[in-house]
Amino acid sequence: MIYKDEPKDENLSIVVAVEGYAQRHNMPEKEVFELMQKYEINSMLRSAWDVLHTQAIEESIDYVEDVLAWKQK
């Protein structure tokens with residue numbers, strides 16, 4: 001059975017990642033969201049949702065940090 005609220009949950013994980021990353025790095029949320037869009041991290045978070053939703057919320061933030069560090073090299 002497919003969980004019917006899955007897209008909504010995926011969106012919430014993106015919101016959590018944006019807010020968490022912004023807070024950790026003292027950046028405006030809008031700037032973080034734009035950065036995530038530029039590097040297609042939103043779609044990466046959605047594709048990793050099956051794993052990330054079973055982890056602590058901080059894992060989504062850590063994931064964004066890792067991907068941005070890798071993509072900005």
Side-chain angles (χ1 to χ4, degrees):
M1 181 172 115
I2 297 176
Y3 184 55
K4 72 177 185 174
D5 289 333
E6 204 169 286
K8 185 192 302 184
D9 292 343
E10 290 173 5
N11 291 338
L12 289 174
S13 70
I14 291 171
V15 170
V16 166
V18 168
E19 290 178 349
Y21 188 93
Q23 192 172 46
R24 281 188 187 178
H25 296 274
N26 197 27
M27 294 172 65
E29 287 89 359
K30 182 179 179 181
E31 188 177 323
V32 172
F33 186 75
E34 290 169 353
L35 193 60
M36 288 173 60
Q37 282 184 310
K38 176 180 178 182
Y39 291 105
E40 300 176 353
I41 295 174
N42 295 343
S43 61
M44 293 174 79
L45 276 172
R46 287 180 195 284
S47 68
W49 184 82
D50 287 339
V51 173
L52 289 173
H53 87 278
T54 65
Q55 306 297 314
I57 290 173
E58 291 79 20
E59 291 297 321
S60 293
I61 303 164
D62 294 341
Y63 182 81
V64 172
E65 285 181 328
D66 291 344
V67 172
L68 277 176
W70 169 66
K71 290 213 174 215
Q72 290 180 325
K73 284 185 180 183

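FYI, side chains are in, hydrogens and waters are out, and symmetry mates aren't considered; it's all heavy atoms of this structure. The chain is numbered in sequence order, starting from 1.
Residue Q72 comes nearest to L35 through the heavy atom pair NE2-CD1, 3.6 Å, listed as atom of the first residue, atom of the second, then distance. Summarising the geometry of S60 relative to A17, their closest heavy-atom pair is O-CB, 4.1 Å, with the distance given to 0.1 Å. When all heavy atoms are compared, the tightest approach of V16 to I61 is O-CG1, 4.0 Å.
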Could you walk me through whether V67 and M36 pass the side-chain contact (heavy atoms from CB on, under 4.5 Å) check?
CA-CA 9 Å; V67 172; M36 288 173 60; over 6 Å; no
Run the side-chain contact (heavy atoms from CB on, under 4.5 Å) check on M44 and Y39 step by step: do they pass?
CA-CA 9 Å; M44 293 174 79; Y39 291 105; over 6 Å; no
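Within 6.0 Å of atom NZ in K38, 12 or fewer heavy atoms from other residues, nucleotides or ligands are found, so the atom counts as exposed in its surroundings. Applying the 6.0 Å contact sphere to CD of E40 captures no more than 12 heavy atoms from other residues, nucleotides or ligands. A 6.0 Å sphere centred on CD of Q23 holds no more than 12 heavy atoms belonging to other residues, nucleotides or ligands.
In this structure, H25 and E65 have side chains that are in contact, with non-hydrogen atoms separated by less than 4.5 Å.
Side-chain heavy atoms closer than 4.5 Å link hydrophobic residues (I, L, V, M, F, W, Y) into clusters, and following such links, even through other members, never connects V32 to V15.
The line from CD1 of I14 to CG of N42 is 4.5 Å long, rounded to the nearest 0.5 Å. Separating the CG atom in D62 from the OH atom in Y21 is a distance of 11.5 Å, to the nearest 0.5 Å.
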